Amino acid sequence: MVSYDKKTIDDVDVKGKRVLLRAEFNVPLDKVTNEITDDRRIRAALPTIRALVERGARLVIVSHLGRPKGFDPKLSLAPVAGRLSELLGRPVTLAADVIGEDAQAKAAALKDGEILLLENVRYHKEETKNKPEFAKKLASLAELYASDAFGAVHRAHASTAGVASFLPAVAGYTINRELEMLGRAVREPKRPLTAILGGSKVFDKIGVIRNLIDNVDNLLIGGGMAYTFQAAKGWPVGTSLCETDKLDLARELMALAEEKGVNLVLPVDTTVADHYSPDAEPVIVPSDQIPEDMMGLDIGPETIRLFSDIIAASGTVVWNGPVGVFEFEAFSRGTNAIARAIGEANLVSIIGGGDSAAAVEQLGYADKMTHISTGGGASLEFLEGKVLPGIDCLLDRDPRSLVAAGNWKMHYGVPAEALSMVEALLPGAKAAPSRMIVAVPYTALDAVISRLAGTPIQAAAQNGHPEDSGAFTGEVSMKMLAEMHVPYVLIGHSERRALFGETDALVNRKLKAALGWGVRPIVCVGELREERQRGETETVLLRQIRTAFEGVAADSLCQIMIAYEPVWAIGTGDTATEDQAEEACAFIRSILNELYGEEAADYVKILYGGSINSQNASGLFAQAHVDGGLVGGASLKADEFSAIAKG
């Protein structure tokens, strides 16, 4: 399970530090004057910006604007810099570039409380491709990363996710508010929970509907997508928008809602017209009697009453997508009435960004809503249950949350086999309290990474070479892994130490190479049976940890895990007792505390590895200094690994 309880800017010391803030300044500009026509997104960022500069941060702000193809003066952030300066009442310096000499020089020269705005980050194509070299250069401008652009967190771009592989990353106030409100609405709602879904297409909201059916009490369907459901019931829809290839899907979703006991409600009457135009004449008809030459453009008055009654009896309402063509006055009555019903009811109201947010703003009901999301696509994917990469990369409030990492070794190396295993793991991963990681063979990495996008499971490579390139036949470099967007890599596994003679010094080189390329390392340590018998466990662990971490900065600890795997317990069926595992992991923690101090060392998760199975996992994971497990053979069986992840 992925945690959305993230550290915020209030949880870190920012005084005297350069903070890279990802803001959402994608504002509309007048095509003639190039002036900002709506500054709401700039205003939304002000609380986070003020909090940072008032606490002495040296602020470097990064944002995109439009979709430039290379450098485009018309999409410069100069107007944003000017408006931001006006709103803050303090100077905002604009860099001439993003990662070039001007940006580097101006970032380095910042003093406490000063603000630098980088040029449009999308001037670089490497931004949207999340190129590790670009993310690393962007991260080099600061010592801490703060994300406040909720509208962009559903995209794994360099400035939204990539930089968090190089810097400690926390949430700004906007994102924290989004997570608090959207998360509460989905996971801890005041009942009954009613979701209202509109918009044009069922296809766009398949995942949302499936996910909400597991949570909501009422699901109200309006807008263009309603006609696909109506057609699936055998009702005539005339010339209305209808996805004829999705009729079976609509029937499946209605059957699923019935099976789950969800009250799925379709419009009972419809406002139709003979053509799509603001001057079309509205006509009200029963929803099962739409004439063949007419199209539905809004819900009707009976549906308004039906929906409004359900809203009034609800404890929480989540609304995403208008229920009619609200841009046309004659067909805005349904959307207007829904907004009014939500605003006047005594409930928690969450408006899911995009068109529904625009409708609420346009119709004058914004101040009556509990929360209006700042991200249409992001809020939709959040409601769908997808993992948002720009959120997942931020530091958990609990740095010691559980991890279940499975090492497949030389199993499931054929992509089709690996994908089949992943599919079997996914149902349990969503509910498991542990973050799940699977270390797969190189041959299946690309396929697995692609499939796991947006899911609670992440992939790891089983090894990585410290050199970026060269005559190292058969080796795969950390740079290659980074360019493939591999999130994690195992380093110093006992089998590699034993079979390939890997030394502590080599483990250190690999660790620094992984950190240098933004691949999060899982560093394996552990003693041989004869070393334990001679009472040398602590001596071995002290040597391995001190050597492996030589030259590693404290700020990098948040990227690192350690796996204590006593070699005598790997693949032997022997398992360290709970006391033995706790004693060794506690000793490793004490070494880190000595090297870095308790506050920094607390970011490192320490896993236990060695013949873990579903019977002993919960006892091992319950130990104070054991933060999860690195699982070998038991990770090759989906049911067994899922049970381990449940703790």
Side-chain angles (χ1 to χ4, degrees), residues 1-3 385 387 392 400-445 447-463 486-491 493-495 520 522 524 526 561-566 569-576 578 581 585 605-623 626-647:
M1 181 178 68
V2 173
S3 170
V387 174
D392 191 32
R400 306 278 302 282
S401 54
L402 290 174
V403 170
N407 181 11
W408 291 355
K409 305 183 182 182
M410 286 179 65
H411 302 278
Y412 303 128
V414 176
E417 295 175 346
L419 291 175
S420 178
M421 180 61 174
V422 163
E423 293 297 339
L425 289 173
L426 281 171
K430 186 176 181 181
S434 304
R435 174 187 287 276
M436 291 181 73
I437 300 171
V438 288
V440 306
Y442 291 134
T443 47
L445 259 178
V448 168
I449 288 169
S450 296
R451 175 61 188 92
L452 292 182
T455 77
I457 305 178
Q458 290 189 302
Q462 295 177 11
N463 185 39
V486 179
Y488 294 93
V489 61
L490 294 182
I491 294 174
H493 192 277
S494 59
E495 291 163 351
R520 293 178 171 90
I522 303 174
C524 302
M561 296 187 209
I562 293 175
Y564 166 62
E565 42 167 25
I570 297 174
T572 64
D574 293 335
T575 307
E578 293 172 7
C585 290
K605 299 179 194 291
I606 303 175
L607 315 181
Y608 168 77
S611 298
I612 295 179
N613 55 49
S614 58
Q615 281 71 49
N616 59 32
S618 60
L620 289 165
F621 290 6
Q623 301 307 303
V626 178
D627 303 322
L630 178 59
V631 186
S635 72
L636 302 177
K637 300 176 181 178
D639 290 345
E640 181 77 357
F641 189 36
S642 295
I644 290 170
K646 289 179 182 177

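Below, each value reflects all heavy atoms present in this structure, side chains not excepted, and no hydrogens, waters or symmetry copies. Keep in mind the model is a prediction, meaning the values are calculated, not measured.
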Check: What is the distance from atom CG of Leu607 to atom OH of Tyr564, rounded to the nearest 0.5 Å?
Finding: 13.5 Å

Note to self: So, using ring pair (Phe, Tyr, Trp, His ring centres under 6.0 Å) as the criterion, who are the partners of Tyr412 when residues are at least two apart?
What the structure shows: Trp408

Notebook entry, point to check: Is Lys430 reaching over with its side chain to a backbone N or O of Pro456, donor-acceptor style, under 3.5 angstrom?
Noted result: no

Check: Out of Leu445, Val486, Leu452, which one pairs with Val440 under the side chain to side chain contact (heavy atoms under 4.5 Å, CB included) rule?
Finding: Leu445

Check: Looking only at heavy atoms, what is the nearest atom pair of Pro415 and Ala444, with distance?
Finding: CA-CB, 4.2 Å

Checklist line | Distance (rounded to the nearest 0.5 Å) between Leu402 CG and Phe621 CZ | finding: 6.5 Å

Item checked: Spacing of CD1 belonging to Ile457 relative to CG belonging to Leu425, to within rounding of 0.5 Å -> 5.0 Å

Item checked: Residues forming a side chain to side chain contact (heavy atoms under 4.5 Å, CB included) with Ala439, sequence neighbours excluded -> Asn407, Ala460, Gln462, Leu490

Checklist line | Gap separating the SG atom of Cys524 from the CE atom of Met561, nearest 0.5 angstrom | finding: 11.5 Å

Notebook entry, point to check: Do Lys409 and Glu495 come within less than 4.5 Å of each other through their side chains, counting heavy atoms only?
Noted result: yes

Item checked: Ile612 to Asn616 - nearest heavy-atom pair and separation -> CA-OD1, 3.5 Å

Check: If every non-hydrogen atom of Gly619 is compared with every non-hydrogen atom of Gln623, which pair is closest and at what distance?
Finding: O-NE2, 3.0 Å

Note to self: Please check this pair: side chain of Tyr608 against backbone of Ala576, looking for a donor-acceptor N/O pair closer than 3.5 Å.
What the structure shows: yes

Check: Once you round to the nearest 0.5 Å, how far does OG1 of Thr443 lie from CE of Met410?
Finding: 9.0 Å

Notebook entry, point to check: Which pairs pass side chain to side chain donor-acceptor pair (under 3.5 Å) with one or both residues in residues 630-647, sequence neighbours excluded?
Noted result: Ser614-Glu640

Notebook entry, point to check: Which atom names give the shortest non-hydrogen contact between Ser618 and Gly647, and what distance separates them?
Noted result: CB-O, 2.7 Å

Margin query: Can you tell me how far apart CZ (Phe641) and CE (Met421) are? Round to the nearest 0.5 Å.
Written below: 7.5 Å

Margin query: So does Leu630 get a backbone contact from the side chain of Glu565, meaning a donor-acceptor N/O pair under 3.5 Å?
Written below: no

Item checked: Shortest non-hydrogen contact from Ala617 toward Ile644 -> CB-CG2, 3.9 Å

Next item on the list: Identify the two heavy atoms, one from Ala459 and one from Ile437, that lie closest to each other, and give their separation to 0.1 Å.
Entry: C-CG2, 4.3 Å

Notebook entry, point to check: Any side-chain heavy atom of Asp392 within less than 4.5 Å of one from Gln458?
Noted result: yes

Checklist line | Close side-chain approach of Arg451 to Leu426, heavy-atom, < 4.5 Å | finding: yes

